[in-house]
J.: 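Below: one structure in structure tokens.
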Number of protein chains: 2
Amino acid sequence: MYVNLREENFMNNIQYTLLGLLAREPLSGYEMKQQINNRIAHFYKINNNQLYPSLSKLEDAGFIELQAIEQDSYRPPRKIYRITTSGIDALKAWVLELPEIGDHDTFLLKQYSAWLVRPDALIGLLEKNKEQHERTLEDYKEKISSFQEKDPDVSDPLFSTISVIEMGIAIEEASIIWCNRMLDVLRRTLANRKET
Amino acid sequence: MYVNLREENFMNNIQYTLLGLLAREPLSGYEMKQQINNRIAHFYKINNNQLYPSLSKLEDAGFIELQAIEQDSYRPPRKIYRITTSGIDALKAWVLELPEIGDHDTFLLKQYSAWLVRPDALIGLLEKNKEQHERTLEDYKEKISSFQEKDPDVSDPLFSTISVIEMGIAIEEASIIWCNRMLDVLRRTLANRKET
DNA sequence: GGAAGCATGTAAAATGTTACATGATTTT
DNA sequence: AAAATCATGTAACATTTTACATGCTTCC
């Protein structure tokens, strides 16, 4: 009557985010939570009920392993995890999958581990992402130009409709500029590598 | 052992979004879903299991009421809802509450109904929102200037750390520019109204 | 003396997603 | 003949949030 189509060991953004932190240095669960919730703050949050079960799943999947248990006598013991080779591989594969259009958070989480993948692969990903933003930007602009009244009164519903779309345009334009800057750096890196 | 601190008739973003649509014109549930999911797309989504129970709750709370049931013989009957006076009041009050820092979606959902509130109140809200973005922008800039290596290799983790923060900076700057444009329009409107 | 920080975890509740159900009409 | 659109709704499942539990130490 009802069939679960989800795979057995389904990985989600939280698990990949934890992998992304451990790809940089071994950490305890508590430290990972601190880094996610306080790193510049207001971007991505995690809580205990997501954190500890996720670590268990990552361990079961063989993507991370316990490196040590630190005990400082006056504080609770800390379980320090490190990433495995297959964990790195899984993380790299995830980074290179293009997120759904408009899924800004997933895109940024992946970018946080972009240093792991080959520059030419990263260029391909960023080009596709840039195209998505360009298409969305065109949609927004068409929508705005479809309104006959260009300068509605502030108490006209159309005023709010337009202002919300204009915010969307501002975000898309900012994203495209960022993509262009990233592509510049990466292409220069590739060119330099070929020279030498 | 466990106490529910949530109030009885707690309203969420979905319910206010529905109110925001009905504040513009009477609609059926099906039409509301279409507008939310297809209006420019990729911004906010809703499904049947959120939609229909939400409409019942809004009706129970007295914020919307059934206007008519349209029957076209060859298609299922449509229940057309309209917003009530207390629904408008609830919506206005929600629009003027400043969202949590970084809650971009809620801010935009509120802006969609900003045409309903007095320009001077809207100016106050936008000023506070702009200050939040300015503070976040400063945090990001400080973070970046705290790194000694300014131009790390693309395969250095710091390269990704910086690029993610730079995306944050781009978004914050775009938001501030948008706020300034909105504030300009609203202040000019207020000045014109006082003149006449 | 109470609050907050450290550190791991679990339980309960709220919210969100996916699938199913109905049935006529229109499109492919 | 199958698939999609219209239109309302419910059931099952997955995810996220909030609260609780423990216990020791340090700060106010």
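Heavy-atom basis, side chains included; hydrogens, waters and symmetry copies ignored. Proteins come first, then strands; the chains are lettered A, B, ... in the order of their sequence lines, and each starts at number 1.
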J.: For DNA chain C, produce a single dot-bracket line, 5' to 3'. Pairs: Watson-Crick or G-U wobble, both distances under 3.5 Å. Symbols: ( ) within strand, [ ] crossing, | other strand, . unpaired.
T.: ||||||||||||||||||||||||||||
J.: Enter the distance from B:L22:CG to B:I80:CD1 here, rounded to the nearest 0.5 Å.
T.: 10.0 Å
J.: Look only at the side chain of A:Q50 and the backbone of A:N47, and say whether a donor-acceptor pair between them is shorter than 3.5 Å.
T.: yes
J.: Between A:F147 and A:I165, does the side-chain contact (heavy atoms from CB on, under 4.5 Å) criterion hold? Intermediate values first, please.
T.: CA-CA 12 Å; A:F147 302 128; A:I165 298 174; 4.1 Å; yes
J.: Rounded to the nearest Å, what distance is computed from the CG atom of residue A:N47 to the P atom of nucleotide D:dA21?
T.: 18 Å
J.: What's the CE-C1' distance between B:M32 and D:dA7, to the nearest Å?
T.: 12 Å
J.: Not counting sequence neighbours, which residues clear side chain to side chain contact (heavy atoms under 4.5 Å, CB included) with A:I123? List them please.
T.: A:E127, A:L183, A:L186, A:R187, A:L190
J.: Heavy-atom count check: over 12 atoms from other residues, nucleotides or ligands less than 6.0 Å from B:K150 NZ?
T.: yes
J.: What string of B, S and - do you get for nucleotides 2-9 of chain C 5' to 3' if you count protein non-hydrogen atoms under 4.0 Å?
T.: ----BBBB
J.: In whole angstroms, how far is the C1' atom of D:dT8 from the CG atom of B:L27?
T.: 16 Å
J.: In this structure, how many angstroms lie between the C1' atom of C:dT15 and the CG atom of B:D105, rounded?
T.: 15 Å
J.: For B:N13 and D:dT16, give me the distance from atom CG to atom P, rounded to whole Å.
T.: 17 Å
J.: For residues 109-116 of chain B, tabulate all N or O donor-acceptor pairs below 3.5 Å that involve a side-chain atom, not counting sequence neighbours.
T.:
from, atom 1, to, atom 2, distance (Å)
B:K110, NZ, B:W94, O, 2.8
B:K110, NZ, B:E97, O, 2.8
B:Y112, OH, B:R24, NH1, 3.2
B:Y112, OH, B:R39, NE, 3.4
B:Y112, OH, B:R39, NH1, 3.1
B:Y112, OH, B:R39, NH2, 3.2

J.: Partners of B:D103 by side chain to side chain contact (heavy atoms under 4.5 Å, CB included), sequence neighbours excluded?
T.: B:P99, B:E100, B:D105, B:T106
J.: Tell me the interatomic distance from A:Q71, atom CD, to D:dC24, atom C1', rounded to whole angstroms.
T.: 11 Å
J.: Indicate, with a heavy-atom threshold strictly under 4.0 Å, whether A:I14 touches base, sugar-phosphate, or nothing.
T.: sugar-phosphate
J.: Does anything in residues 159-171 of chain B form a salt bridge (Lys or Arg N to Asp or Glu O under 4.0 Å)? List the pairs, not counting sequence neighbours.
T.: A:R181-B:E166
J.: CG of B:N12 versus P of D:dT17: gap in Å, rounded?
T.: 14 Å
J.: Could you give me the CA-CA distance, side-chain angles and deciding distance for A:S28 and A:E70, then say whether side-chain contact (heavy atoms from CB on, under 4.5 Å) is met?
T.: CA-CA 9 Å; A:S28 72; A:E70 279 182 13; over 6 Å; no
J.: Between C:dA14 atom C1' and A:Q50 atom CD, what is the distance in whole Å?
T.: 13 Å
